[in-house]
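Within every chain, numbering begins at 1; the chains are lettered A, B, ... in the order of the sequence lines, protein sequences first and strands thereafter. Worth saying up front: this structure is predicted, and the values here are computed from it rather than measured.
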Amino acid sequence: MKYIATTDEKEIGIEIVDEHHVRIGDRLIAVDFVALSDQPLYSLIVDGKSYEAYIYPEEGGWQVLLMGRLYHVHVEDEREKRLRAAAGSKVAETGEFHLKAPMPGLVVSVPVSEGQSVEKGDVLVILESMKMQNELKSPRAGTVSRIRVKPGDSVEQRQTLLSVV
Amino acid sequence: MKYIATTDEKEIGIEIVDEHHVRIGDRLIAVDFVALSDQPLYSLIVDGKSYEAYIYPEEGGWQVLLMGRLYHVHVEDEREKRLRAAAGSKVAETGEFHLKAPMPGLVVSVPVSEGQSVEKGDVLVILESMKMQNELKSPRAGTVSRIRVKPGDSVEQRQTLLSVV
Amino acid sequence: MFNKVLIANRGEIAVRILRACRELGLETVAVYSEADRQALHVRYADEAYLLGPAPSRESYLRGDKIIEIAKKCGAGAIHPGYGFLAEREDFAEACAEAGIVFIGPKPSAIAAMGDKAVARATVAKSGVPVVPGTEDVGDLSDEELLALAPKIGFPLLIKATAGGGGKGMREVRSLEEMPTLLQSARREAEAAFGDGNVYLEKLIEGARHIEIQILADQHGNVIHLGERECSLQRRHQKLIEESPSPFIGTDEDLRQRMGEVAVRAAQAVEYVNAGTIEFLVDKDKNFYFLEMNTRLQVEHPVTEMVTGIDIVKEQIRIARGRQLSYTQEDVSFKGHAIECRINAEDPFNNFMPSTGRITHSVLPTGPGVRVDTSVYPGFEITPYYDPLIAKLIVWGETRGQAILRMRRALEEYRIVGIRTNIPFHQMMMDSTRFIAGQYDTRFVEERFDIEKAEGGSDEAPQIAAIMATLAAHQQTQRAAHVVRRAERDTSNWKWLGRWERLQR
Amino acid sequence: MFNKVLIANRGEIAVRILRACRELGLETVAVYSEADRQALHVRYADEAYLLGPAPSRESYLRGDKIIEIAKKCGAGAIHPGYGFLAEREDFAEACAEAGIVFIGPKPSAIAAMGDKAVARATVAKSGVPVVPGTEDVGDLSDEELLALAPKIGFPLLIKATAGGGGKGMREVRSLEEMPTLLQSARREAEAAFGDGNVYLEKLIEGARHIEIQILADQHGNVIHLGERECSLQRRHQKLIEESPSPFIGTDEDLRQRMGEVAVRAAQAVEYVNAGTIEFLVDKDKNFYFLEMNTRLQVEHPVTEMVTGIDIVKEQIRIARGRQLSYTQEDVSFKGHAIECRINAEDPFNNFMPSTGRITHSVLPTGPGVRVDTSVYPGFEITPYYDPLIAKLIVWGETRGQAILRMRRALEEYRIVGIRTNIPFHQMMMDSTRFIAGQYDTRFVEERFDIEKAEGGSDEAPQIAAIMATLAAHQQTQRAAHVVRRAERDTSNWKWLGRWERLQR
C-alpha cells in the first residue's frame with residue numbers, strides 16, 4: 001500500500017511493502033514496529049536505530065511525540081490523494097469552529113459577545129481548572145456565534161462553549 | 001449475606017450488611033473496599049485503618065497477600081456450609097493429584113517410576129527454568145501413575161507431568 | 001511526645017511526608033477528599049479518613065474537620081505540607097488550642113511572614129534589604145494601591161499577601177491596565193487562599209530568584225542549607241530548580257552573606273522549623289528579601305540531594321523538641337542537583353491542564369535519580385487540584401553531569417493517558433542558555449519558543465512520518481478485518497477506541 | 001577512543017550500563033533475543049540488533065554474532081555486564097582481535113581468575129590466604145576429585161571452575177553422596193557456562209561472605225572501594241547485600257587489611273578495570289580468598305551509594321585509557337546502603353520461578369531509594385533468563401535508618417501479574433537476627449522459616465478474612481448480574497477472568 005505522509009509541509013511517499021519493510025523513493029528499509037503494553041506508545045526499529053513515540057490520532061491526521069518534539073503528520077493513501085486531487089481543492093479552511101472545553105472546569109469569564117468579530121489568537125473564554133486560569137483562544141479570525149456558557153458555569157470536558165463562523 | 005471465613009483454622013462469621021458495612025459478631029464495622037487499577041489488588045479502609053492486599057483465587061478459596069504475609073482463606077456462605085454439613089464430611093483428602101508444571105521449562109529428570117510409592121515431600125520431577133533447577137515435590141503420600149514426560153522434554157505451563165493416586 | 005502524625009495534604013507532598021514519618025517509626029494518618037479515595041497517600045498511610053467532596057474548600061481546607069479527626073484518632077501532630085493550610089496562622093493556632101503539635105512555625109511567625117506586606121516591614125527593621133514596594137501594613141484598597149503605584153514606578157507586580165506559587169500575581173506595565181489586573185489578581189488570590197488581599201512590589205528586571213533554606217529548632221539554633229536557584233519560571237510558577245545556583249557559582253562570599261541574612265530574617269520573627277527566605281538577585285549581585293515561605297517548599301529535594309540532610313525528618317525532630325542534628329559547620333555541599341516539576345499540562349497547547357486516567361507509566365530510575373510522585377497507572381487526574389504530578393530530581397558530581405542525567409531521565413519517563421510538560425523540560429535541558437546558566441525569571445516567556453526550540457534531530461520528521469504511516473496502516477488493516485463496512489462512518493476517535501479494546 | 005558502546009547483555013544490567021553511557025555522552029547499541037523485542041534495553045538504546053531466538057546459547061551467548069554487529073554498526077567498545085560473556089576470555093580475546101575495546105580486564109586476567117582453581121593457586125603465590133581445597137591446576141576427572149575429597153575433609157563444596165552465582169555449586173556431606181552431586185553440578189555448570197569443569201573447596205561453617213570492590217586503571221593504579229556484606233544467600237544465591245558489613249563494623253584495621261589484600265590479589269594478575277575479590281570470613285575474623293569476579297557485580301550499587309562513585313562510568317573511563325578519577329585517599333564512606341534482589345519467584349511456594357505478563361506495577365520512590373530494573377507494566381517475564389527483575393537499593397545515615405527505609409520501600413512496591421520474593425525481604429527486614437547483623441551464609445536455609453517469620457501483625461488474619469469475604473461477595477454479586485445461570489459450572493478461575501474482563 002502506498003501512502004503520502006505530510007509533515008512540516010514536506011510530502012514523503014512511503015510504501016508499506018510488507019510487515020517488515022517500507023520503501024521510500026527507491027530505498028527499501030527494514031522496519032520493526034510494535035505497540036508497547038497495548039498503549040498508543042510505539043517502538044520502531046528502523047535500519048538498526050531504535051525510536052519510541054507516542055502516536056495520537058488528531059483531526060485530519062496524527063500527532064507523533066518523538067524525542068521530546070511534537071510532529072503533526074497527515075497520512076493519506078494514493079486513492080484518497082487522487083480523489084482529493086480530482087475534487088480540485090484542499091480541505092476547506094472555512095466552516096464553523098466549535099470551541100470545546102479541553103478539560104472540565106469553571107467558566108470564569110467570556111470576554112466576547114455574539115456577533116463580535118475576532119482575530120486569530122483572541123481570547124474567547126477563560127476557564128479555571130487545576131487552580132489555574134486558562135485562556136481559550138480563537139484558532140482563526142471570524143465571528144462569534146452561539147455562546148452557550150456564562151461565567152460561573154461548570155463545564156464538562158469537550159462540552160461546546162461557543163462557535164466561531 | 002452471611003459468610004463463614006476460615007483462616008489458620010479459625011472460623012469467623014462475617015455478614016455483609018450493605019456496600020459499606022459488615023458485621024462480625026455483634027460489631028457493625030464500616031468498610032470501604034475497592035479494586036485498584038482493575039487489578040487483583042485491593043484497598044480496604046476499615047474503621048479508619050488503611051490496608052492493601054493482593055487477592056488471588058485458589059483451589060477451594062482465596063490467597064490474600066497482606067503486609068508481606070500470605071493468608072489462605074476459605075469463604076463459604078451459610079447455605080454452602082449447611083449443605084456441606086448435611087453431606088456430613090469435609091472435602092475428601094484423597095483423589096488423584098495431578099502434578100502440573102508451575103512454569104514452562106525443560107524436564108531435567110524424573111526420579112520416580114510408575115507404580116512407585118512416594119511420601120509427602122519426595123521429589124517427583126526436576127524442571128529447569130530461569131537457569132535454575134526446580135524440584136517438584138509430592139504434596140502427599142501415594143503411588144505414582146501415568147508419567148507423561150521424560151528428561152529432555154520441553155513443557156508448557158500447567159502441563160500435567162504425572163499423577164499420584 | 002507524639003507518635004502518630006496526621007498529614008493534612010494530598011499528592012506527592014503527602015506521600016513524601018508519610019515516608020519520612022514511617023522511616024522515623026511514627027504512625028501515619030491520611031485525610032482525603034472523595035476524588036482521592038485511590039490516591040497513594042491514602043493507600044500508604046496506616047489510617048485514612050474522608051474529609052468531604054472534591055473541591056478543596058470542602059475537603060483539604062476544612063481545618064476544623066481535620067483537627068476533629070486528629071483528636072478522634074489520637075494523632076499528636078499535624079504536618080500541613082505546602083499549600084492548603086500550611087501557611088494559615090488560624091489553623092496553627094487551632095492545632096495548639098486542641099493540644100496538637102503543628103509541624104511548622106509558631107502562629108505568630110506565620111502571621112508575621114504570611115502577610116507579605118507585614119513581612120517586608122518586619123525584616124527591613126532588622127536590616128534585611130527588601131524590594132521597594134508598598135511597605136505599609138494592613139489591607140489596602142484598590143484606590144490606595146492605585147495611588148501608591150506611580151510612587152513605586154512601573155513596571156511593578158501585584159502580589160497576594162497570603163500568596164505563593166504565583167497565584168494572584170500580576171505584572172503591571174502602566175496605571176491604565178492596573179484596575180483590571182487588580183481585579184483578576186484578587187479573584188485568583190481569593191480562590192487560592194481564601195484571601196483576596198494584595199500588595200505591590202517594584203519589578204526588578206533581569207532578576208534571578210534565589211532562595212535560602214533554613215532550619216531552626218526550639219532552642220534558638222538557626223542554620224541555613226545553602227541556596228536554591230528558582231529563576232526558571234513560567235507565569236510566576238517555578239518549573240526547574242537547582243542547587244547550587246549557577247549564578248552564585250563559586251562566589252562563596254555572596255553565598256555566605258545571603259545565608260547570614262536569611263538566618264537574620266528568620267530570627268526576626270523567632271522562627272522555628274523549616275523555612276525558606278526568597279531573594280531577588282539583580283545583575284550586580286545585589287539581593288533583596290522577597291518573602292519568607294513558612295513551610296516546606298516543593299523544591300526542598302534539591303537541597304536534600306546536595307547536603308544529604310533529610311529536611312522533612314528534621315522538621316519532625318524539631319517539632320518533637322529536639323536540638324538540630326547539625327550545626328552550621330556540619331553542613332557541607334556535594335555535587336549538583338536539579339529538579340524538574342512534571343505537570344499534567346500540554347506544552348504544545350499553551351500549557352493547558354490535562355486531565356484523565358493514567359493508563360500506563362514507566363518511571364526513570366537508576367543511579368542519582370529520585371522521583372517524588374503520587375500517581376500510578378490507573379490513577380485519575382482530576383481538575384480539582386494543582387497540576388503537579390511528579391518531581392523528577394537528579395544529582396550529579398557536577399552541573400554538567402546533572403544535566404546529562406536529567407536528559408536521560410526525561411527521555412526514559414513515560415506517562416500515557418494525560419499530556420505532561422516533559423517535552424518542555426527536554427527542550428530546556430537542550431537550550432544553550434540553560435546549559436550556560438544564563439537565565440532569569442523571564443527567560444521562558446520572553447526568550448523561549450517551544451516551536452523553535454534548539455536540539456531537535458534532523459532525521460526526526462522523517463521518522464515521525466514513517467511511524468504515523470505505520471500506525472495509520474495498522475489501523476486501516478485491523479479495522480478492515482474486524483469492523484463491518486456498515487460501521488465505517490464512525491469517527492476516527494471511536495474507531496481507535498474500539499480497536500484498542502479489541503487489542504486487550 | 002570509542003564513542004559508541006555495544007552492551008552485550010539484557011535485563012537491569014543492560015539498562016544500568018546504557019544509562020552510564022548516555023550520561024557520558026556516548027552512543028549506545030543494544031542486542032536482543034526474539035523474547036526481548038520489547039525489553040527496556042532495546043527501547044532505551046540508540047540502536048538495537050536482533051541476535052536470534054530466546055535461548056541464551058542462540059542469542060546472548062553468540063559472541064561471534066555480537067562482534068560482527070559491533071563491527072557493522074561501528075561500536076568501538078563492548079560492555080559485557082555480568083553473566084553471559086562477561087567472564088569469557090575467548091570473547092575478550094576475539095574483541096581485541098576485531099579491534100574492539102572490551103570494557104573489562106585483559107583476557108589473561110580473565111583466564112587467570114576465571115578458572116577458579118588457577119586463581120586460587122595464583123593469588124596464594126602472592127601471599128593471599130585461600131580456603132583449603134583442590135589446589136591443582138587443570139581439569140580434574142570425577143575419579144581424581146573423589147580421591148582428593150577425603151584429604152580436604154567433609155563437609156566440602158563442589159564449585160564450577162567457570163562459575164559464579166551459585167550455579168553448578170553443591171554441598172557435599174559425605175563421600176557416598178558425592179558422585180551424584182558431581183554429576184548434577186557438572187550438568188548445571190555446563191548449562192550455565194558451557195563448561196562442566198568443577199573443583200573442590202573446604203566448607204567453612206558459620207562463614208560470612210564479604211567482598212571488596214576494586215578499580216584498576218591501565219596506568220598501574222589500583223584502589224579499593226571498601227567491602228560489601230553478601231552473606232544473606234539462599235541456595236548460594238545472594239539475596240541481600242549491604243555496605244559496610246555489620247560484621248566488620250568499626251574494625252577499621254580489618255577493613256584496611258582486607259582492602260590491601262584485595263588490591264594485592266588484583267595486582268597478582270595485572271588486573272585492569274572493575275573487579276571484586278570475594279572472601280570468606282570465619283567467626284574469628286580470619287579471611288580467605290574465595291574467588292575474584294572479573295566483572296561488574298550485581299550488587300555494585302551498594303558501594304556506589306556509600307562512596308558516591310559511579311562504578312560503571314569509571315569502568316568506561318578506564319577502558320578509554322584514563323587515569324582513575326580517585327586515589328585511595330579520595331575514597332570515603334558515608335552512611336549505609338542495602339540492596340534487596342527482587343526475583344520473579346514465589347517465596348510461599350519453595351521460591352518457584354514465576355513467569356507471566358506484568359499487568360501493573362508501582363515502584364517505591366522518594367529520598368534515598370534507587371531501583372535498578374528492566375521491567376514495566378505490559379512486559380512479559382519469560383522462563384529463558386534468570387529471575388532477577390529488579391534491585392531495590394536504599395541509603396540511610398545509619399544501618400538502622402537504612403533498614404527502616406527498606407521496610408517502607410518494600411511495603412510500597414507493587415507488582416501484579418507475577419509473584420515476587422518481596423514478602424521474603426519484608427520478613428528478613430523484620431527478623432531480629434538480620435536487624436542485629438547476626439547472620440551467616442546458612443542463615444536463610446537453616447534458621448529462617450517463611451511460615452514462622454517474626455513480625456506479623458495480630459489483626460492481619462482477621463483483615464485477610466474480611467478482604468477475602470468481600471472479594472468473594474463481589475464476585476458472586478457481579479457474576480449473578482452478568483452471567484447466565486447456565487454458565488455457572490465453569491471454574492472459579494474462568495469466572496474471575498471473565499469478571500475482570502467485564503470490569504475493564
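Interface residue D/Asn350: only side-chain heavy atoms are found under 4.5 Å from chain B. Heavy atoms of D/Thr382 lying under 4.5 Å from chain B belong exclusively to its backbone. Contacts of B/Leu41 with chain D are made by side-chain atoms alone, with heavy-atom separations under 4.5 Å and no backbone atom involved. The part of B/Thr7 that comes within reach of chain D is its side chain, from C-beta onward, which places non-hydrogen atoms under 4.5 angstrom from that chain. Contact of B/Phe33 with chain D is made through backbone and side chain together, with heavy-atom distances under 4.5 Å.
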Using a 3.5 Å cut-off and no angle test, enumerate the donor-acceptor pairs between side-chain atoms of residues 466-473 of chain D and protein atoms at least two apart in sequence or in another chain.
residue	atom	partner	partner atom	Å
D/Thr469	OG1	D/Ala465	O	2.7
D/His473	ND1	B/Tyr3	OH	2.8

Test side chain to side chain contact (heavy atoms under 4.5 Å, CB included) applied to D/Arg414 and B/Glu52, step by step: CA-CA 10 Å; D/Arg414 300 274 177 274; B/Glu52 199 163 313; 2.6 Å; yes
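Residues D/Met352 and B/Glu135 fail the side-chain proximity criterion, which asks for heavy atoms closer than 4.5 Å. Using a 4.5 Å cut-off on side-chain heavy atoms (C-beta onward), B/Leu70 and D/Pro423 make no contact. With contacts defined as side-chain heavy-atom distances shorter than 4.5 Å, the pair B/Tyr56/D/Arg419 qualifies.
Scanning both residues, D/Pro353 and B/Asn134, for their nearest heavy atoms gives CD-OD1, 3.1 Å. B/Tyr54 and D/Ile415 get closest at one heavy-atom pair: OH-N, 3.0 Å.
Every residue two or more places apart in sequence or in another chain that forms a salt bridge (Lys or Arg N to Asp or Glu O under 4.0 Å) with D/Arg407 is listed here: D/Asp430.
Here D/Ile463 is the residue among D/Ile463, D/Asp386, D/Val416, D/Thr355 with the most heavy-atom pairs under 4.5 Å with chain B. Of the residues considered (B/Glu76, B/Gln63, B/Lys10), B/Gln63 shows the highest number of contacts with chain D, using heavy-atom pairs under 4.5 Å. Ranked by non-hydrogen atom pairs under 4.5 Å with chain D, the options B/Pro104, B/Gly105, B/Ala53 are led by B/Pro104. Per-residue heavy-atom pair counts under 4.5 Å with chain B were compared for D/Phe424, D/Tyr385, D/Tyr384, and the maximum is reached by D/Tyr385.
Contacts between residues 108-116 of chain B and chain D, counted as heavy-atom pairs separated by less than 4.5 Å, involve B/Val108. Proximity to chain D among residues 12-30 of chain B is limited to B/Ile12, B/Ile14, B/Ile16, B/Val22, B/Ile24, B/Arg27, judged by heavy-atom separations below 4.5 angstrom.
D/Phe348 contributes atom CZ, which lies 5.5 Å from atom CG of B/Leu65 (distance to the nearest 0.5 angstrom). Note that CD of B/Gln39 and OG of D/Ser361 are 10.0 Å apart. Values are rounded to the nearest 0.5 Å. Between the CZ atom of B/Arg69 and the CD atom of D/Gln426 there is a distance of 7.5 Å, given to the nearest 0.5 Å.
Contact check on D/Glu459 versus B/Lys49 returns no salt bridge, with no Lys/Arg side-chain nitrogen under 4.0 Å from an Asp/Glu carboxylate oxygen.
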